[in-house]
Amino acid sequence: MQRAPAAEETVCRDTARTCGVRELDITLIRPTNYTDDGYPIQMRVGVIRSNTLTQMGTLARDLVSYPFFAGLPVNVRLIDEAIQRVPAKEITRRSREPGVKTIVMLVGVQSNQFPRAKDIASWFLPQGIPVMIGGFHVSGMLAMVGLTSDLRDAMCRGMVLVAGEVEGERLPAVVEDVLRGRAEPLYNFLNPTPDLSNIPTPRLTKADLGGFASPYSTIDTGRGCVFACDFCTIINVQGRTMRCREPGQVVEFVRRNYHEAGVVHSFFTDDNIARNPRWRELFTGLIRLREEENIPFTFMMQSDLAARKIPPGDFFKVAARAGCNQVFFGIESVNRDNLRSQGKFQNQVTEYKDLAAHLHSLGIACHAGYILGLPFDTPTTLKQDIAELQRIGFDSASFYILSPLPGSKDHQRWWHERRWMDSDFNTYDSAHVAVAPERMTRDELMEAYRSAWDQFYTIEHMVDVLKGWRHDWSTYWNRLFFFAAYLYASRIEGLHPMNCGFWTVRHQNDRRSGFPREGFVPFWWNRFTTINDRLWGIMKLFLQLEEVWLRSRPRSNAEEALHDLLVRTRNDVIDWRDLKARELVVLYRKLGDDMPEMRVPSVVQLWFKKHNPFAAAYTRSYVQRVWRQWYLHAWNPLKWVEVWLFEWVNGIRFLTHLLVEGK
């Protein structure tokens with residue numbers, strides 16, 4: 001390309017306006033990934049906002065504070081493909097307006113999203129719209145392997161790749177290069193990592209939270225991790241030196257979002273907030289918000305299991321006062337050989353149970369992140385390990401298939417060993433087998449992953465967990481809502497809960513490159529059968545969770561005593577309604593010996609109570625038996641009135657609590 005005269009080049013150094021840019025449109029897209037049959041995974045309702053998308057939007061809006069962009073209108077649009085479609089035609093049409101410069105940025109792109117990111121880029125590059133791609137895939141590849149064929153292919157197609165973090169002067173410099181028409185094909189910002197102490201903090205409005213099930217915010221209070229786990233990408237992309245925001249900025253973020261957007265809960269996305277060197281200052285500021293300003297703020301965080309040992313040993317106590325109500329722990333495995341093989345020496349299995357009990361005493365729920373397919377895993381040991389997770393007392397768990405994530409030491413080693421790894425990055429989502437396991441077949445690992453969710457989230461385990469939260473009604477329903485979301489994703493949608501919201505949608509004209517467009521009839525027939533199966537699955541899940549609620553909800557002392565006596569004396573019966581009225585009288589008389597204050601009801605009273613659908617129920621077993629043996633009651637209209645009233649009364653009660661208090 002012919003260079004401009006020196007005089008003109010000097011003028012162009014002033015501002016974007018002198019370079020002919022009247023208005024700048026920046027579209028930030030957090031791409032999704034594809035289903036196995038090539039459709040983008042998109043939801044009617046999302047779960048939580050992308051933190052990278054939010055932060056990048058903040059940095060893009062902050063461009064106007066730099067001299068080159070002085071006086072330039074900068075329009076920033078955020079698109080989360082998890083719940084939104086990319087308006088490609090609208091973006092292209094806008095780019096053709098005189099004086100308007102359009103840039104598309106694909107942000108936070110993970111390996112499983114990289115194929116989708118390249119497909120989106122192919123919509124805009126032929127229209128002359130610059131496309132930039134950043135995130136952990138580009139950063140991880142460059143950090144541990146180098147410039148691989150997939151990255152070279154993207155650059156050859158005209159995509160601008162950005163590795164590392166772009167805070168500080170970095171994003172303005174890249175955008176300036178793009179506007180001047182001298183963009184490099186690759187920007188490597190991996191080293192040094194930027195200072196986070198004074199970077200802009202996100203600002204949310206109620207409109208930003210639209211499309212998500214819960215009004216949660218996200219923010220990283222710090223980046224990096226001090227440990228050296230082989231499967232981890234954080235340490236090789238963000239570094240092993242902990243960097244953090246000013247605690248006061250995070251506190252102000254919470255305060256502002258509460259007053260302006262009504263946000264009362266946040267997910268601190270730090271890989272390990274316990275190693276933030278200023279965690280005590282941060283928590284102290286949040287305590288003041290809660291106790292002096294009466295802001296009912298709560299948060300979820302990620303921490304290592306050794307955090308309890310940080311002197312003087314009060315980390316979780318202070319976190320609880322600051323509003324922490326859930327901690328995500330990278331358990332990874334309860335198999336000591338697996339932990340040693342991954343360099344996870346900080347995890348001491350013998351301490352898990354005591355740690356869980358400690359957190360429960362503080363009102364904090366414990367979530368376990370668990371990896372399947374580690375070197376010493378077999379189908380048999382995995383079943384034993386998941387049972388051990390339940391015995392330890394974890395409230396919930398997420399299961400991940402070991403994936404060869406670019407940026408991890410595992411991926412680097414397997415790359416050089418030329419071990420089999422799936423060439424399709426779309427499978428690098430921790431829900432597909434993308435690298436050959438060592439002690440089982442790929443099919444066995446896939447089956448172990450599918451069964452892990454059902455093995456852990458049994459009715460019995462969920463009931464045991466919720467009984468421990470009866471004293472805290474808010475946490476009780478929060479846990480139950482969590483169970484509903486996880487089981488819906490894993491059982492009904494067949495997706496990982498971290499990659500799922502509610503109700504997947506598909507569009508006939510939006511399919512992965514290389515897949516043919518389906519005909520009208522096959523496409524809509526598949527949609528019809530899928531929706532039919534989904535509705536049936538939702539009904540079964542609803543009844544299962546209603547059973548969990550009935551069994552775990554609070555009972556009076558007399559009801560609790562009756563249930564315990566029933567369990568001890570009649571192993572074949574779990575519901576007092578299954579007994580005859582005379583049998584119930586006998587049990588009440590036995591209870592009366594130990595509880596003199598309790599009045600023993602008559603046979604008639606118990607008969608009416610037994611058939612009263614509004615009376616307290618603690619299981620669905622009675623009506624389930626009626627449904628199974630419907631032929632015995634076909635000509636008994638009173639029985640069906642009783643059953644339908646039971647179903648409607650308890651169903652409406654449960655659904656109301658779940659959607660109002662649980663959400």
**Report entry** Criterion side chain to side chain contact (heavy atoms under 4.5 Å, CB included) on W477 and V660, from CA distance to verdict
**Finding:** CA-CA 9 Å; W477 282 105; V660 176; over 6 Å; no

Report task. Apply side chain to side chain contact (heavy atoms under 4.5 Å, CB included) to L24 and N75, showing your working. Result -> CA-CA 6 Å; L24 175 61; N75 308 309; over 6 Å; no

Query raised in the report: Could you walk me through whether Q249 and N198 pass the side chain to side chain donor-acceptor pair (under 3.5 Å) check?
Result: CA-CA 8 Å; Q249 289 184 334; N198 198 34; 3.3 Å; yes

**Report entry** Chi angles and distances behind the side chain to side chain contact (heavy atoms under 4.5 Å, CB included) call for F253, S217
**Finding:** CA-CA 10 Å; F253 164 82; S217 64; 3.8 Å; yes

**Report entry** Stepwise salt bridge (charged side-chain N to carboxylate O under 4.0 Å, His left out) test for R203 and D208
**Finding:** CA-CA 9 Å; R203 193 174 196 129; D208 294 326; over 6 Å; no

**Report entry** Stepwise side chain to side chain contact (heavy atoms under 4.5 Å, CB included) check, V47 with Y216
**Finding:** CA-CA 9 Å; V47 176; Y216 292 174; over 6 Å; no

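Inter-residue side-chain proximity for C244 and T221 is flagged as unmet; no heavy-atom pair is nearer than 4.5 Å. Within the 4.5 Å cutoff, the side chain of V251 has no heavy atoms near those of the R288 side chain. Residues D304 and R275 have side chains in contact (heavy-atom distance under 4.5 Å, counting atoms from C-beta outward). The side-chain heavy atoms of S266 and I219, taken from C-beta on, include a pair separated by under 4.5 Å. Taking 4.5 Å as the limit, every side-chain heavy atom of W469 sits out of range of all side-chain heavy atoms of S474. The side-chain heavy atoms of N272 and I234, taken from C-beta on, include no pair separated by under 4.5 Å. Side-chain contact between D271 and I235 is absent, with no heavy-atom pair separated by less than 4.5 Å. For the pair F114 and F136, the minimum side-chain heavy-atom distance is 4.5 Å or more.
Aromatic ring centres of F283 and W279: separated by under 6.0 Å. Aromatic ring centres of Y486 and F482 lie closer together than 6.0 Å. Annotation: Y400 is in aromatic contact with H496 [ring centroid separation under 6.0 Å]. Aromatic ring centres of H137 and F425 lie closer together than 6.0 Å.
Y488 pairs by the ring-ring contact (aromatic ring centres under 6.0 Å, His included) definition with F502, not counting sequence neighbours. In this structure, F267 has no ring-ring contact (aromatic ring centres under 6.0 Å, His included) partners at least two apart in sequence or on a different chain. The side chain to side chain contact (heavy atoms under 4.5 Å, CB included) search around A143 returns L190, not counting sequence neighbours. When the side chain to side chain contact (heavy atoms under 4.5 Å, CB included) test is applied to T54, the partners found at least two apart in sequence or on another chain are R49, P202, L204. The ring-ring contact (aromatic ring centres under 6.0 Å, His included) check on H461 picks up F456, with sequence neighbours excluded. In this view, F268 and F299 satisfy the ring-ring contact (aromatic ring centres under 6.0 Å, His included) rule, not counting sequence neighbours. Shown here are the side chain to side chain contact (heavy atoms under 4.5 Å, CB included) partners of I295, two or more places apart in sequence or in another chain: R255, Y258, H259, L289, E293, F297. A search for side-chain hydrogen bond (donor to acceptor under 3.5 Å, both in side chains) contacts involving N257 returns nothing, not counting sequence neighbours. Looking at residues two or more places apart in sequence or on another chain, you find a side chain to side chain contact (heavy atoms under 4.5 Å, CB included) between V505 and Q42, R44, W503, H507.
The main-chain N or O of G135 is never found under 3.5 Å from a side-chain atom of Q113 such that the two would form a donor-acceptor pair. Without hydrogens or angle criteria, K353 side chain to R391 main chain gives a donor-acceptor distance under 3.5 Å. Within the 3.5 Å criterion, the main-chain N or O of D270 finds a donor-acceptor partner in the side chain of Q302. When atom types are taken as modelled, the side chain of S552 and the backbone of K467 share no donor-acceptor pair closer than 3.5 angstrom. Panel note: side chain N236, backbone G407; a donor-acceptor pair is recorded below 3.5 Å. A donor-acceptor distance shorter than 3.5 angstrom exists from the side chain of Q84 to the backbone of D80, with no hydrogens or angles considered. The main-chain N or O of E81 is never found under 3.5 Å from a side-chain atom of T32 such that the two would form a donor-acceptor pair. In this structure, the side chain of H265 engages the main chain of T298 through a donor-acceptor pair within 3.5 Å. Of the possible donor and acceptor atoms, none in the side chain of S333 sits under 3.5 Å from a partner among the backbone N and O of I331.
There is a side-chain donor-acceptor pair under 3.5 Å between H360 and D395. Looking only at atom types and distance, the side chain of T269 has no donor-acceptor partner in the side chain of T218 under 3.5 Å away. For the 3.5 Å distance criterion, the side chains of N112 and Y34 fail to qualify, holding no donor opposite an acceptor. A donor and an acceptor atom, one from each side chain of N426 and H432, are nowhere located under 3.5 Å apart. For the residue pair Y428 and N33, no side-chain donor N or O sits within less than 3.5 Å of a side-chain acceptor on the partner.
Taking each heavy atom of R30 and A82 in turn, the nearest pair found is NH1-CB, 3.4 Å. When all heavy atoms are compared, the tightest approach of A88 to W123 is CB-CE3, 3.9 Å. For M43 against N499, the heavy-atom pair with the smallest separation is CE-O, 4.2 Å.
Summarising the geometry, atom CG belonging to L355 is positioned 6.5 Å from atom CZ belonging to R308; distances are rounded to the nearest 0.5 Å. Taking CE of M132 as the start and CD1 of I29 as the end, the distance is 12.5 Å to the nearest 0.5 Å.
For the side-chain contact (heavy atoms from CB on, under 4.5 Å) with F316, the qualifying choice from C324, S361, S303 is S303, the only one to do so.
Ring geometry, F394 versus F329: the interplanar angle exceeds 60°, so the pair is classed perpendicular (tilted spans 30 to 60°). Between Y457 and F483, the ring planes are perpendicular. Angles over 60° get that label, and only those under 30° would be called parallel.
Every pair passing salt bridge (charged side-chain N to carboxylate O under 4.0 Å, His left out) that includes a residue from residues 485-495 is listed here, sequence neighbours excluded: D454-R491, E493-R534. Legend: salt bridge (charged side-chain N to carboxylate O under 4.0 Å, His left out) pairs involving residues 233-251, not counting sequence neighbours, sorted by first then second residue: E165-R243, D220-R245, E246-R278. Residue pairs meeting the salt bridge (charged side-chain N to carboxylate O under 4.0 Å, His left out) criterion with at least one member in residues 468-487, sequence neighbours excluded, are R470-E560.
Using a 4.0 Å cut-off between a side-chain N of Lys or Arg and a carboxylate O of Asp or Glu, R321 and D314 do not qualify as a salt bridge.
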